[in-house]
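So the structure is just underneath, and the comments pick up after that.
Ligands are counted one by one from 1 in listed order, and the atoms in each one are counted from 1 as well.
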Amino acid sequence: MELQLALDLVTAQEGIEIVREVEPFIDIVEIGTPIVINEGLNAVKVIKDAFPNLKVLADLKIMDAGGYEIQKAAEAGADIVTVLGATNDLTIKGAVEEAKKQGKKILIDMINVPNLEQRAREVDALGVDYICVHTGYDGQAAGHNPFEDLATIKKVVKNAKTAVAGGLKLETLPEAIKAQPDLVIVGGGIASQSDKKGAAEKIANLVKQG
Ligand SMILES: O=C([C@H](O)CO)[C@H](O)[C@H](O)COP(=O)(O)O
């Protein structure tokens with residue numbers, strides 16, 4: 001089981017300071033969608049240059065032009081790029097093809113996919129690397145969490161790795177780990193804490209014990 005730190009509501013420069021504190025405890029650093037909106041793919045390059053030994057995920061949430069957008073993220077140094085499960089198979093196939101060419105990986109974000117079980121089966125058959133259930137900020141604000149969705153995809157995904165994201169914190173992590181995802185994604189549960197290093201260390205220990 002791996003741990004991904006999501007950097008969202010900070011600048012890339014602030015992100016570098018956070019990663020410096022927690023680098024020994026994380027496997028992947030995510031350049032979140034808000035950072036990409038504010039600073040573009042240059043933020044991916046800045047973080048990859050600062051931490052060449054960490055895997056970097058660009059949370060582009062691709063919905064169209066899969067091949068082209070993966071190519072641009074790869075040029076910026078991303079190792080993993082997100083594509084929305086809600087898009088059509090053509091976009092996912094284009095993204096997978098380009099990612100294979102570039103030696104990169106695709107994470108499918110199943111945020112707001114209504115027919116989760118069926119869609120998870122379908123995208124799993126398209127050769128993607130990760131399938132991630134995700135309760136976004138708006139869903140979290142309405143009191144939702146991703147635990148039931150994780151159990152749903154764990155039953156049907158046979159090829160891809162499974163991942164979970166959405167409001168995970170030290171207190172709620174055991175619930176996520178119980179379902180044995182391959183990747184746990186934590187944003188505010190580390191990045192918004194006053195003791196980021198302490199939070200990351202405790203969360204990493206739970207993830208390691210898996
Ligand atoms: O993908 C995310 C969100 O949609 C903003 O772009 C976050 O990275 C993801 O939800 C993880 O962050 P937390 O919910 O703060 O753990």
For a side chain to side chain contact (heavy atoms under 4.5 Å, CB included) with Q4, tell me which candidate from V186, L183, V29 qualifies. L183
Side-chain donor-acceptor pair present, T82, K61, cut-off under 3.5 Å: no
In this structure, atom 11 (C) of ligand 1 is nearest to the protein heavy atom A6 CB, 4.0 Å
What residue and heavy atom of the protein are closest to atom 15 (O) of ligand 1, and at what distance? G188 N, 2.9 Å
Non-hydrogen atom of G166 closer than 4.0 Å to ligand 1: yes
Please report whether ligand 1 has a polar contact with Y137, defined as an N or O pair separated by less than 3.5 Å (distance criterion only). no
Is the shortest distance from a heavy atom of G32 to ligand 1 less than 4.0 Å? no
Does K61 approach ligand 1 within less than 4.0 angstrom via side chain, backbone, both or neither, non-hydrogen atoms only? side chain
Just need the protein heavy atom nearest to atom 7 (C) of ligand 1, so name the residue and atom and give the distance. D8 OD2, 3.3 Å
In terms of side-chain heavy atoms, does N145 have a donor or acceptor partner in T135 at a distance below 3.5 Å? no
At under 4.0 Å between heavy atoms, is it the side chain or the backbone of I111 that contacts ligand 1, or both, or neither? neither
Can you list, pair by pair, the side-chain donor-acceptor contacts under 3.5 Å of residues 105-115, counting residues two or more places apart and other chains?
| unit_1 | atom_1 | unit_2 | atom_2 | d |
| --- | --- | --- | --- | --- |
| D109 | OD1 | I111 | N | 2.9 |
| D109 | OD1 | H134 | ND1 | 3.4 |
| D109 | OD2 | H134 | ND1 | 3.0 |

Work out whether the distance between some heavy atom of G167 and some atom of ligand 1 is less than 4.0 Å. yes
For atom 16 (O) of ligand 1, find the nearest protein heavy atom and state the residue, atom name and distance (0.1 Å precision). G187 N, 2.9 Å
To check your reading of the model: name the closest protein heavy atom to atom 9 (C) of ligand 1, its residue, and the distance in Å. H134 NE2, 3.5 Å
Between Q102 and E98, does any side-chain donor sit less than 3.5 Å from a side-chain acceptor? yes
Can you measure from CG (L5) to CG (D27) and round to the nearest 0.5 angstrom? 11.0 Å
Within the structure provided, determine whether C132 and T162 are in side-chain contact (heavy-atom separation under 4.5 Å). no
Side chains of T152 and D149: do they bring a donor and an acceptor to under 3.5 Å? no
